[in-house]
Amino acid sequence: MTTKVEKSVLVNVPVAVAYNQWTQFEDFPQFMGGVKSVTQLSDDRLQWVAEIAGVKRQWEARVLEQVPDRKVAWAATEGATNAGAVTFEDVGGGQTSVHLSLEYEPEGLVEKVGDKLNVVENQAEKDLERFKAFIEAEGYATGAWRGSVGAGTGGGTPGVEDAAASRGDSGKAGVSAKAVAAGVGLAAAGVAAAAATRTSGSTDDVVVAEYDDVTPVLTEDVAVTPVVEEDVEVVVTDVPSTGTVPATEDETDPGTRI
């Protein structure tokens, strides 16, 4: 089962500036939170390494269509199965609408539970906002590639069927060390939701709250130190007589000395 994400952002720079910056694929880690590195192997081939929700994935992608100031479309050729397009529209007044369309296949427990929590969708939205902040702060692109790839093909937006060669490849970079902990936290949320459904007897779909950041908490052995209060005054009153109280050396009743 695949998941589709559609997100847009309005940036306050001309369309050529926004597009030129997007062609600088190796700069993506500067504003894409989950992207660790992008290596441009050729004009139309890219190698990606990303980590989202503790899952580290690697894949190669091929640019299927690239039209200056209008569109960049891609599909994975190996590794994590995904495809999509980014389009650019001049809306006037020196502003550009940037729209992202993405389709991907979640794999494994961590990604599937994370998919239910809209982790990738939230990440995509944040990445576009960071792109907006990045390019508006600079006011100009850090570079540009004005060449074309597959121009005029009218291929529309690629989907996972265009990334069929990567299906089942599972992402060569595998799972990071913290993915196990993240999986526990995400899976726990899914199990709790399922349990709530069984308890109520409802067959309706379970709605899981969205969280921007899900951070599992790993507990360790904690030494417990008892707290002893100091300077506590002890007052004894109404001490019943139980017989003859032995006198002290000074012949006084001990009860009167408290």
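The figures that follow rest on heavy atoms only: side chains count, while hydrogens, waters and symmetry mates do not. Nothing here was measured: the structure is a model prediction, and the numbers come from that model.
- Closest heavy-atom contact between Ala124 and Val5: CB-CG1, 4.1 Å.
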(message) If you apply the rule side-chain hydrogen bond (donor to acceptor under 3.5 Å, both in side chains), what do you find for Gln24 with Thr142, and how did you get there?
(response) CA-CA 8 Å; Gln24 303 306 289; Thr142 59; 5.0 Å; no
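- When all heavy atoms of Ala75 and Leu64 are compared, the closest pair comes out as CB-CD1, 3.8 Å.
- Across every non-hydrogen atom of Pro68 and Gly147, the tightest pair is CG-O, 3.8 Å.
- Side-chain contact annotation: Asn82 with Trp74, donor-acceptor N/O pair under 3.5 Å present.
- Side-chain contact check for Arg130 versus Met32: every heavy-atom pair is 4.5 Å or farther apart.
- Grouped with Leu41 in a hydrophobic cluster is no other residue, since no side-chain heavy-atom contact under 4.5 Å to another Ile, Leu, Val, Met, Phe, Trp or Tyr is found.
- A heavy-atom distance below 4.5 Å is not found between the side chains of Thr96 and Val91.
- The nearest pair of heavy atoms linking Ala76 to Trp59 is CB-CD1, 4.1 Å.
- In this structure, NZ in Lys126 is found 6.5 Å from CG in Asn122, a value given to the nearest 0.5 Å.
- Taking the six-membered ring where tryptophan is involved, the planes of Trp48 and Phe28 are tilted, since the angle between them lies from 30° to 60°.
- In terms of heavy-atom proximity, Pro29 sits nearest to Val38 at CG-N, 4.4 Å.
- The stretch residues 4-15 participates, sequence neighbours left out, in these side-chain hydrogen bond (donor to acceptor under 3.5 Å, both in side chains) pairs: Glu6-His99, Glu6-Ser101, Lys7-Glu121, Ser8-His99, Asn12-Gln95, Asn12-Glu136.
- Here the CD atom belonging to Glu89 is positioned 10.0 Å from the CG atom belonging to Leu10, to the nearest 0.5 angstrom.
- Counting non-hydrogen atoms of neighbouring residues, nucleotides and ligands closer than 6.0 angstrom, the CZ atom of Arg70 reaches no more than 12 such neighbours.
- Inter-residue side-chain proximity for Leu46 and Glu26 is flagged as unmet; no heavy-atom pair is nearer than 4.5 Å.
- Residues Glu65 and Lys71 are paired through a salt bridge, judged by an N-O separation under 4.0 Å between the basic side chain and the carboxylate.
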(request) Begin from the C-alpha positions of Val9 and Glu125 and carry the test side chain to side chain contact (heavy atoms under 4.5 Å, CB included) through to its verdict. (result) CA-CA 8 Å; Val9 68; Glu125 183 174 10; over 6 Å; no
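- No side-chain heavy atom of Val149 sits less than 4.5 Å from a side-chain heavy atom of Val67.
- Using a 4.5 Å heavy-atom cutoff, the side chains of Val13 and Tyr140 are not in contact.
- When all heavy atoms are compared, the tightest approach of Ala141 to Asn20 is CB-CB, 3.7 Å.
- Listed by first and then second residue, the side-chain hydrogen bond (donor to acceptor under 3.5 Å, both in side chains) pairs that reach into residues 33-43 are Ser42-Asp44, sequence neighbours excluded.
- Here OH of Tyr104 is found 4.0 Å from OG1 of Thr3. Values are rounded to the nearest 0.5 Å.
- The CD atom of Glu78 sits 4.0 Å away from the CD atom of Glu60 when rounded to the nearest 0.5 Å.
- Rounding to the nearest 0.5 angstrom, the gap separating the CZ atom in Phe131 from the CG atom in Leu100 is 11.5 Å.
- Annotation: the span from Thr87 atom OG1 to Trp22 atom CH2 amounts to 10.5 Å, rounded to 0.5 Å.
- Using a 30° and 60° split on the angle between ring planes, Phe134 and Phe31 fall in the tilted class, from 30° to 60°.
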